[in-house]
Amino acid sequence: MREFIKSIAGDNCLDFSYKEYNFLFVEQKYQSYYLFYFPNDEEQLLKLYQESGDIFRAIKEREGYHPDMDKNITCILCLEVEDHAYYETNASGKVSNLGKIICLVEEDLNYFKKNVFLFTKKMDEFSQEHIGGLKYLCEEYFTEKNFQSYKKSCSDNIEYDFLINLFIKIPFLSFDGYQPGNRKEYQSMEAFINARLIEKELDRKRIEAICVKLEENLEDDDALFEYLDALVKEPANESSIPKEEHNCEN
């Protein structure tokens, strides 16, 4: 799995080592950093969780340290598990022991954010067969047919299951960069919202200005309700927003 992840990261790997841990440290756009860890078992995964502070300090002391590393590191723990353990974590109605460990690790935001990426032996073998071929895999497997099959049973479509979890657990992966041909089944939230605004002929700048004004008045109930009353009474056009608010870009 390490080589497959490395092929996704590109030429952005940074030197970093700590004790016996198997790390892959990469830099992506906007000074964002990702610390991939490949533990042998749940015990090693918990060990890293317990030593997060020491690992974070080791990163700060390494040559080439950048201040953005203090707040822009995501640790992704890639753990191979048995089939029964993998599918047990997705079962409804109960929380498995592995599920409890994942919750413990992912809910802890000290030092850096943590995601746990699980995969099975078959998924690992699949990844080794396609090192450097993520774009091809997306085009091949991100189809409506596979999606419907995945909804019925994730165990019957391990390829789709594996790929979709990659995008969920690895933040720098974006569907925009791996669109299957000209299909538009997958898109960013911003693109989806913009398309709906255009479809409904809604003024995005007006909506953004309203959101800014609401935020300004959240802690003052009287001012908030006064603004909402005025907003309801005013027509939905440019004149209902002060000029300086209508020109707001964010």
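Reckoned from all heavy atoms, side chains included, excluding hydrogens, waters and symmetry mates.
One distance of note links CD of E88 with CG of D83; it measures 12.5 Å at 0.5 Å rounding. Between D41 atom CG and L46 atom CG the span is 9.5 Å, to the nearest 0.5 Å. Once rounded to the nearest 0.5 Å, the distance linking CZ of F162 with OG of S127 reads 5.0 Å. Y34 OH to I5 CD1: the interatomic distance, rounded to the nearest 0.5 Å, is 13.0 Å. We find the NE2-NZ distance between H66 and K60 to be 12.5 Å, quoted to the nearest 0.5 Å. The CZ atom of R206 sits 11.0 Å away from the SG atom of C211 when rounded to the nearest 0.5 Å.
The local environment of CD in E82 is sparse, with at most 12 non-hydrogen atoms from other residues, nucleotides or ligands closer than 6.0 Å. The neighbour count for Q148 CD, taken as heavy atoms of other residues, nucleotides or ligands under 6.0 Å away, is above 12. Atom CD of E43 is surrounded by 12 or fewer heavy atoms from other residues, nucleotides or ligands within 6.0 Å. Surrounding NZ of K6 are at most 12 heavy atoms belonging to other residues, nucleotides or ligands under 6.0 Å away. Heavy atoms of other residues, nucleotides or ligands lying less than 6.0 angstrom from CD of E215 number 12 at most. Counting heavy atoms of neighbouring residues, nucleotides and ligands inside a 6.0 Å radius, atom CD of E63 does not exceed 12 of them. E226 CD: 12 or fewer foreign heavy atoms inside a 6.0 Å radius.
Ion pairing between D54 and R57 holds under the 4.0 Å rule for side-chain N and carboxylate O. At a threshold of 4.0 Å, the pair E42-K100 does not count as salt-bridged, since none of the basic side-chain nitrogens sits closer than that to a carboxylate oxygen.
Checked by atom type, the side-chain pair Y49/N110 shows no donor-acceptor distance below 3.5 Å. Looking at N146 and S149, their side chains never bring a donor and an acceptor atom within 3.5 Å of each other.
The side-chain heavy atoms of S52 and F112, taken from C-beta on, include a pair separated by under 4.5 Å. Taking 4.5 Å as the limit, some side-chain heavy atom of F142 sits within range of a side-chain heavy atom of I164. Annotation: side chain of L79 is not in contact with side chain of Y37 (no heavy-atom distance under 4.5 Å). Here the side chains of F172 and S32 are not in contact, with every heavy-atom distance at 4.5 Å or above. Under the 4.5 Å side-chain criterion, counting only non-hydrogen atoms from C-beta, L166 is not in contact with F119.
Within the 3.5 Å criterion, the main-chain N or O of A9 finds a donor-acceptor partner in the side chain of Q28. Proximity of a side-chain donor or acceptor of N165 to a complementary backbone N or O of D161 within less than 3.5 Å is detected.
Aromatic rings of Y160 and Y141 (six-membered ring for Trp) have centroids beyond the 6.0 Å cut-off, not under it. For F23 and Y18, the distance between ring centers is not under 6.0 angstrom. Taking the six-membered ring where the residue is Trp, the centroids of F126 and F4 are separated by 6.0 Å or more.
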For this session: Start with the C-alpha distance between V116 and I101, add both sets of side-chain angles, then the distance that settles side-chain contact (heavy atoms from CB on, under 4.5 Å), and finish with yes or no.
Result: CA-CA 10 Å; V116 179; I101 292 174; over 6 Å; no
